[in-house]
Structure formats: C-alpha cells, structure tokens
Asks: 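I have a structure here, written as structure tokens, and I will follow up with some questions on it.
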Protein chains: 2
Amino acid sequence: MNPNPTILIIEDEPPLQKFLRLTLSTQGYNVLEAARGDDGLKQAPTAKPDVIILDLGLPDMDGVEVTRRLREWSAVPIIIISARGKEQDKVAALDAGADDYLTKPFSVGELLARLRVAFRHASAANPQTGDPIFQVGGLRVDLSRREVTIDGKAIHLTPNEFRLLSVLVKNAGKVLTHRQLLREVWGPQSNEETHYLRVYMNQLRQKLESDSARPIYLLTESGVGYRLVSEI
Amino acid sequence: MNPNPTILIIEDEPPLQKFLRLTLSTQGYNVLEAARGDDGLKQAPTAKPDVIILDLGLPDMDGVEVTRRLREWSAVPIIIISARGKEQDKVAALDAGADDYLTKPFSVGELLARLRVAFRHASAANPQTGDPIFQVGGLRVDLSRREVTIDGKAIHLTPNEFRLLSVLVKNAGKVLTHRQLLREVWGPQSNEETHYLRVYMNQLRQKLESDSARPIYLLTESGVGYRLVSEI
DNA sequence: TGGAATCTTGATGAAATCTTGATACCCCCG
DNA sequence: CGGGGGTATCAAGATTTCATCAAGATTCCA
C-alpha cells in the first residue's frame, strides 16, 4: 500500500462532505471528492483511489447504480454510507458489489475501523508483483529485501554502505555528484564531507569488486562523483 | 470457489446455533459448528472453511482473541456477530482482523448479503498454498497449530515469543525493522522499546539456536532489525 | 490464595559501525 | 621531472547498537 492511501468520497451534502474530508485527512489519508455520481465515476479511473466511500442518496443517480458501474472495471473496495437502513437497501447495495454498508448516523471510530479493513482487502488483492531487483554482471541488489549478492554469495552491508549503494542503484547508469550522494546518505547539511564518500565507496568496493583498484561496477568520475554501471 | 462453500460457525447459544445451521444449509452452504473458541481454532486448520462466522461472547475465550489467533496463519474472511454494539467493541474486533461485524439482532437477508461479500473476497484472494508450515534447516514452525520444533524436538514458546517468531516467519528472508516488529507484536504505540526486542530475540535464540552467540536462523542486521533466514 | 510462568525493566560488557586523521597513490600539466 | 589536485587506503578511537543476565512486577491458573 502507498504510504498515503487515497480515498474518493462521493457525497453531496456539504456538512458531511466537510466532516469526512477533515476526519480522513487528519488520519493522513489523501482525500478526493465528488458531489455527484457521474463526477465520481469520471474521477475514479484516473485517480485510482484505494477505497471509495459512497453515499447512496445522490442527486443525479442512484448509489447502487454507481456501484454497479464501478464494478464493471474495478475491484476497488466500496464503503456505502446511507440514511436508508432497510434490509433490502443493504442487500441491493452489497449484491451490486459494495463491500460494506454503514447506516447514518455512524460513529467515526467505526468508519475508520471499516476503512482499515477495506485497505487490508485492497492490498491483499494487489499482491506485490515481485520485488524490483537490480542486476548487472554478478551483482544483484534487492532493495526491498535489503539483500545484496555478488556471484550468488550474500554480502553483508552496514546501514551507511547500504544507503549509499541504494542511491547508486536507483540512479544506475547516471553520474551522481559528491554533493548529491552526501545529501542522500548523510542528510542535507553534510555537503562538504567528501571524505566520507571516499571511505564508504572504498568499503563498498572492497566488498563488491573482485579487484577494488580496478572496479567494474562502481566507477569514479574524477572531479564529479561516482556512477554505478547499468550494463556490462 | 467450491460449488458448496463451507462455513464454520463458532457460536455457543443453541437456539442461534440451530437457526444459523438451518438458514445456511438451506442456502446450499456446507455448515460446520463449534461451540467454543478453542474448538473453533482446532477445526479451522483441517476443515479450511471458506468463511467463519464468529460470536464474540464465547464461554471459554474472547472472540477478539479467537480472531487474532486465526489471523496468525489464515486470511479466511471472519464475520463477527455480537450482542455488544459499542464502537470500541467493533473497532477492537475489526482491527484484530475481522472483516465484518453484525450486531444482534440482525436480519437474515443482511447476513446472507454480507456472507456473499465475504465469499467474493475469499475467491478473489490467492489460492490456498497448502498448510501454512514454515521449514528451514532443522527449524519447523506450524503457525496454525502453534507448534515449533527444532530437529524434531518440540519447543515451548511463551505468547510473546511465538508472536515475534510468527511475524518473522510470515516475512521469512526479509529484514524486518525494529519498528515493524514492535508494532506487530506489542502494538502500534510501542515504537521505541527496542529493548524488548533484544530480550525476546535473545530468548528465542536460546531456545532455537544451538549456539545463540552464532545464530544460523535468527540473524541480526545491525542498525536495522532482524531477519529469519528463508533458506540455508 | 499461592505458586509458577511470563513480562518488564535496569545494568553491564561486547560487538559493530561510524568518524576522523594520516599517508600513499595516480594522472595531468607545465 | 616535479608539483598539485583529486583520489584511494589504512587504522585507531569514539560512538552507537547489541547480547546477556537477573531482579522485581505482573499475570495466569489451579
């Protein structure tokens, strides 16, 4: 899941709109809004929200219809909020494809808890498509598993070494200036400590290169910075 | 989904038990029953129900605890039915891993509709990958039975030890940060109590490693966190 | 209610990592 | 040939992070 999940609120009453916007953004969610069904249907494909909160009583079209239209192409979790509490309303909405149904008035805590359930479902439905793995020659870097191997052998890196390598991996093929590397690894105030770079680059080479004096992966661009080759 | 989906009902009141059994089997569902929490926990791993309906008010243990135990190894949809309608009860159950929460008395139609939602989720989730048993070297962890053996010998773990190990097992091979582990085991508010981790990781090593000073399963990633090796 | 198991917490030495200074290197240019 | 800027390497503290022991609290269960 993204660090900041996005919620699309389709709701026409301004007070409730405002209330939801405030509550959810305070929780750190990214909030999008639509006041009409057609607007919501238009926003959803481009905005790709992680969850949709949908009021059944919209001015232009029925919420059940909105649900059905969304389900034609998307599996995004839909939480209904509605003033109608009759069984047949709930059944209709749930069978149209909604995932949950809250009757107004509802408590904030419950809404948030049910949202967390929806997010769990969303991230379970989108299994990670495998970790992004960088590979060149015998060097292999799996950033998300924090794993580095050279010719199949696992290499242990210290936190700073790993951070430095991961900046290089994310910009493989490009030259990174001393200044850029220092900022990324040691923070914005360390711009001049070029010596750090020399020490750590050397340590990386000792661990990754078979001949650290003649590196094939971690190249020096004299007077500029360093570069990790992207192909061999 | 199977042609005849299976539902496990964990419910102690005989009248409601009977009512659910009749209603659901009439709908063509295959019904299993447990009157106590521990019985339900015992049936679940072998019966592999497609959905679990769980009453919070069980005689032997709290329903939230049952939920948490199930979630240690299974993603099966759990629908709570409960007489307690307070917000904090709902939040606790949903955050423990439940997927839905119905307050008694509820209407049959709504229950059936929410069951259909649960089945949709169950079939959307990834196919069962057999028993959730983790094994590497001489270490074997059966999450659903809470059994840990090392070279065939059973090992007794305390609740916290087991929770810590199960988080590591579920992410075997990956480095878990101190923060992640603390959140999973001690709850979201304990982010800084790194000392806990040291103590419990040490206890796990005492029990699982032949030489706890030179661990082969539970590795330290200094400055980052810990990792359970996924292959030897 | 008593005893056992478990959890929490503090203290201490060991290990890993980071920082820093000293020194040798290499290559280009005059 | 010699100087100088930029670079590589080594290694000794300083600092942070870890492992370990053990003594109270607390909880659990009979």
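Proteins come first, then strands; the chains are lettered A, B, ... in the order of their sequence lines, and each starts at number 1.
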Asks: Please determine, by modelled atom types, if B:Ser144 and B:Asp142 share a side-chain donor-acceptor pair under 3.5 angstrom.
Replies: yes
Asks: Taking atom P of C:dT20 as reference, at what distance in whole Å does atom CG of A:Asn202 sit?
Replies: 18 Å
Asks: For A:Gln203 and C:dT19, what is the distance between atoms CD and C1' respectively, to the nearest whole Å?
Replies: 11 Å
Asks: How close or far is atom C1' of C:dC7 from atom CD of B:Glu161, stated in whole angstroms?
Replies: 10 Å
Asks: Using whole Å, report how far NE2 of A:His195 lies from P of C:dA22.
Replies: 10 Å
Asks: State plainly whether the residues B:Arg84 and B:Asp62 are in salt-bridge range, i.e. N to O under 4.0 Å.
Replies: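 A salt bridge is present here (some side-chain N lies under 4.0 Å from a carboxylate O).
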Asks: Within the pair B:Thr158 and C:dC7, is there a side-chain N or O less than 4.0 Å away from OP1 or OP2?
Replies: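 It does, given that an N or O in the side chain of B:Thr158 lies less than 4.0 Å from OP1 or OP2 of C:dC7.
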Asks: Regarding B:Ser212, tell me which of base, sugar-phosphate or nothing describes its non-hydrogen contacts under 4.0 Å with the strands shown.
Replies: sugar-phosphate
Asks: Are A:Tyr196 and C:dC18 close enough that a side-chain N or O sits under 4.0 Å from OP1 or OP2?
Replies: no
Asks: What nucleotide, of C:dT19, D:dT7, C:dA16, holds the atom closest to the side chain of A:Tyr200?
Replies: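 Looking only at heavy atoms from C-beta outward on A:Tyr200, the closest nucleotide is C:dT19.
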Asks: For A:Arg198 and C:dT19, what is the distance between atoms CZ and P respectively, to the nearest whole Å?
Replies: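 Whole-Å distance recorded here is 16 Å.
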Asks: Hey, which sits more toward the 5' end of DNA chain C by its nearest nucleotide, B:Glu221 or B:Val199?
Replies: B:Val199
Asks: Rounded to whole Å, how long is the line connecting atom CE of B:Met61 with atom C1' of D:dC28?
Replies: 14 Å
Asks: NE2 of A:His156 versus P of D:dC18: gap in Å, rounded?
Replies: 11 Å
Asks: Using atom CG of A:Leu157 as one end and atom P of C:dC18 as the other, report the distance to the nearest whole Å.
Replies: 10 Å
Asks: Give A:Tyr226 one of three labels, base, sugar-phosphate or nothing, depending on what nucleic acid heavy atoms sit under 4.0 Å from its own.
Replies: sugar-phosphate
Asks: Select base, sugar-phosphate, or nothing to describe what A:Gln206 touches, counting heavy atoms under 4.0 Å on all strands.
Replies: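 A:Gln206: backbone/sugar contact only, no base atoms under 4.0 Å.
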Asks: Would you indicate, yes or no, if C:dT19 has its OP1 or OP2 atom less than 4.0 angstrom from a side-chain nitrogen or oxygen of A:Trp186?
Replies: yes
Asks: State whether A:Arg205 places a side-chain N or O below 4.0 Å from either non-bridging phosphate oxygen (OP1 or OP2) of D:dA8.
Replies: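 Looking at the OP1 and OP2 atoms of D:dA8, one of them is under 4.0 Å from a side-chain N or O of A:Arg205.
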Asks: Identify the residue among A:Phe162, A:Trp186, A:Tyr226 that makes a ring-ring contact (aromatic ring centres under 6.0 Å, His included) with A:Tyr200.
Replies: A:Trp186
Asks: Base, sugar-phosphate alone, or nothing: which one does B:Thr194 contact when heavy atoms must sit under 4.0 Å apart?
Replies: nothing
Asks: Between B:Pro159 and B:Ser222, just flag the one whose closest nucleotide in DNA chain C comes earlier from the 5' side.
Replies: B:Pro159
Asks: Does C:dA16 have OP1 or OP2 sitting under 4.0 Å from an N or O in the side chain of B:Thr220?
Replies: no
Asks: If you measure from the Lys or Arg side-chain nitrogens to the Asp or Glu carboxylate oxygens, is any gap between B:Arg71 and B:Asp99 under 4.0 Å?
Replies: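 Answer for the salt bridge query: yes.
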Asks: Any salt bridge linking B:Glu65 with B:Arg68? Criterion: basic side-chain nitrogen under 4.0 Å from a carboxylate oxygen.
Replies: yes
